2 protein chains.
Amino acid sequence: MKRRNTPSKQAVLSVITKAGKAMSQDAIEEEIAIDINRATIYRVLNRFCDDGVLHKVMAEDGKQYFALCETYDTKAATHQHFHFKCTKCDTVECLPNQVNFSIPDGYLVESVNCVLTGVCKNCS
Amino acid sequence: MKRRNTPSKQAVLSVITKAGKAMSQDAIEEEIAIDINRATIYRVLNRFCDDGVLHKVMAEDGKQYFALCETYDTKAATHQHFHFKCTKCDTVECLPNQVNFSIPDGYLVESVNCVLTGVCKNCS
DNA sequence: ATTACTAATGCGATTTATTTGCAATAATTT
DNA sequence: AAATTATTGCAAATAAATCGCATTAGTAAT
Ligand SMILES: [Mn+2]
Ligand SMILES: [Mn+2]
Ligand SMILES: [Zn+2]
Ligand SMILES: [Zn+2]
C-alpha cells in the first residue's frame, strides 16, 4: 500500500503546519481552503499518524487533536511531552516539557497521553 | 439541591469501591447487581465527581473512567497522578506516581489528565 | 402517618465524534 | 494509453455521553 500524493493530503498538512498547534478534524475542516469530506480528513489524519508525520492527542473533551511530529520524536517513536488545552480559545499545543514517570515493575508502557487543561497565555 | 440517598448511588459506589480501580459506565453497568438506566449511571457518576467522591479520567480510547478519590486528593481538589490503562484487560488504575510538570509563564493549569497505555502486570 | 417539596429516575430521543462499506475517482507504474 | 489500486465522497453505522420530560420516591415538615 504505497502512499499517493493528493490535494487532500497536502491541504491537511499545510493547515496543521501553518497553525503550528494541534488541531481537531472540525477545526481543520473550517480552516481548509478546498472542500474535503469529513471521513477523508479523518483518513488522511490517521494515515499521517501511521506514517509518523502526525501524532494524536486525546483531550479531556473527548476529541482527538492532531499535531506535527518534531524530528526528535519521529525517530524515537515516542511523544512523551505534555500538551496544553486552553478552555477559552480551545487551542491545543505541544509543550516542550518531557513527561517523566516511573511505573511499577512488570508494566509495559506503549503510549503516553498527557494533557493539561486551563487558560493559555494569550487568554489570561 | 441537597443530595438524596438512593439505591442507584449506593450500588454504583459499591461497585467502584469493590473493584478498586477506575471504571467506565458500561463496565459499571455490567458489574452492577440491580438494573440501573444508563443515563442514571452517568448522572450518579457526575454528581459524585461534583461532590469530590470520584474523579474522571479521559483515556486514549475516548472513554471516561471514574475512580475513587483518595483522602489526600479530596482535600487538595487535585488529582495530579498518573493513570494506567491496560490494552489487554481494559483495566484503568490510578498509579501512586504524582505528575510533576512546569509550564511557561502566564499559563494557568486547572486540571491534569495523564494516562499511560500499555500492558499491565497481570497481563504481561 | 400524611403531606409537600423537589431530587432522582427511566425512557426515548438527541448530540457529537469517529468509523465503515461501497461504488466512483484519480495517482502512479507499466 | 492501459492497468492497478490507493484514495475519495457519500450515506449509513457506531459509540459515548447528554438531555427533555413525565413519573417516582427520598426527605423533612406537619
Ligand atoms: Mn486517579
Ligand atoms: Mn466519542
Ligand atoms: Zn487560550
Ligand atoms: Zn491488564
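Every chain is numbered from 1 and lettered A, B, ... according to where its sequence line falls, protein lines coming before strand lines. Nothing here was measured: the structure is a model prediction, and the numbers come from that model.
At the phosphate of dA17(C), neither OP1 nor OP2 sits under 4.0 Å from any side-chain N or O atom of Gln64(A).
Annotation: the span from Met23(B) atom CE to Leu54(B) atom CG amounts to 11.5 Å, rounded to 0.5 Å. Distance check, rounded to the nearest 0.5 Å: OG of Ser111(A) to CD of Gln80(A) gives 9.0 Å.
Phe66(A) and Val53(A) end up in the same hydrophobic cluster when Ile, Leu, Val, Met, Phe, Trp and Tyr side chains are linked at under 4.5 Å.
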Pairs under 3.5 Å (N/O, protein and nucleotides 27-30 of chain C):
residue: dA27(C); atom: N3; partner: Arg4(A); partner atom: NH1; Å: 3.1
residue: dT28(C); atom: OP1; partner: Asn5(A); partner atom: N; Å: 3.0

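As a whole-Å value, the separation of Lys9(A) NZ from dT8(D) P is 9 Å. Here the C1' atom of nucleotide dT19(C) and the CG atom of Asp50(A) are 14 Å apart, to the nearest Å. As rounded to whole Å, 13 Å separates atom P of dA17(D) from atom CD of Glu60(A). The CG atom of Asp51(B) sits 13 Å away from the P atom of dA7(C) (whole-angstrom rounding). Nucleotide dT16(C) holds its P atom 14 Å from the CG atom of Asp90(A), rounded to whole Å.
Residue Tyr65(B) comes nearest to Ser24(B) through the heavy atom pair CD2-N, 3.7 Å, listed as atom of the first residue, atom of the second, then distance. Taking both residues in full, the closest heavy atoms of Gly118(B) and Phe84(B) are given as C-CZ, 3.7 Å, listed atom of the first, atom of the second, then distance.
With hydrogens and angles left out, the side-chain atoms of Ser102(B) and Asn97(A) include a donor and acceptor closer than 3.5 Å. One side chain, Asn46(B) or Lys56(B), offers a donor N or O that lies under 3.5 Å from an acceptor on the other.
Contacts classified as salt bridge (Lys or Arg N to Asp or Glu O under 4.0 Å) and involving residues 28-50 of chain B (residues at least two apart or in different chains) are not found.
You'll find the side chain of Leu95(A) reaches within 4.5 Å of the side chain of Pro104(B), heavy atoms only.
Relative orientation of the His81(B) and His55(B) rings is perpendicular, given thresholds of 30° and 60° on the angle between their planes.
Comparing the axis of the opening five pairs of the helix from dA1(C)-dT30(D) to dT30(C)-dA1(D) with that of the closing five pairs yields an angle of 30°, rounded to 10°.
For the contact set between residues 37-48 of chain B and DNA chain C, defined by any heavy atom under 4.0 Å, the members are Asn37(B), Ala39(B), Thr40(B), Arg43(B), Val44(B), Arg47(B). Listed in residue order, the members of residues 11-36 of chain B having a heavy atom less than 4.0 Å from DNA chain D come to none.
Residues passing the side chain to side chain contact (heavy atoms under 4.5 Å, CB included) test with Lys121(B) are Tyr107(A), sequence neighbours excluded.
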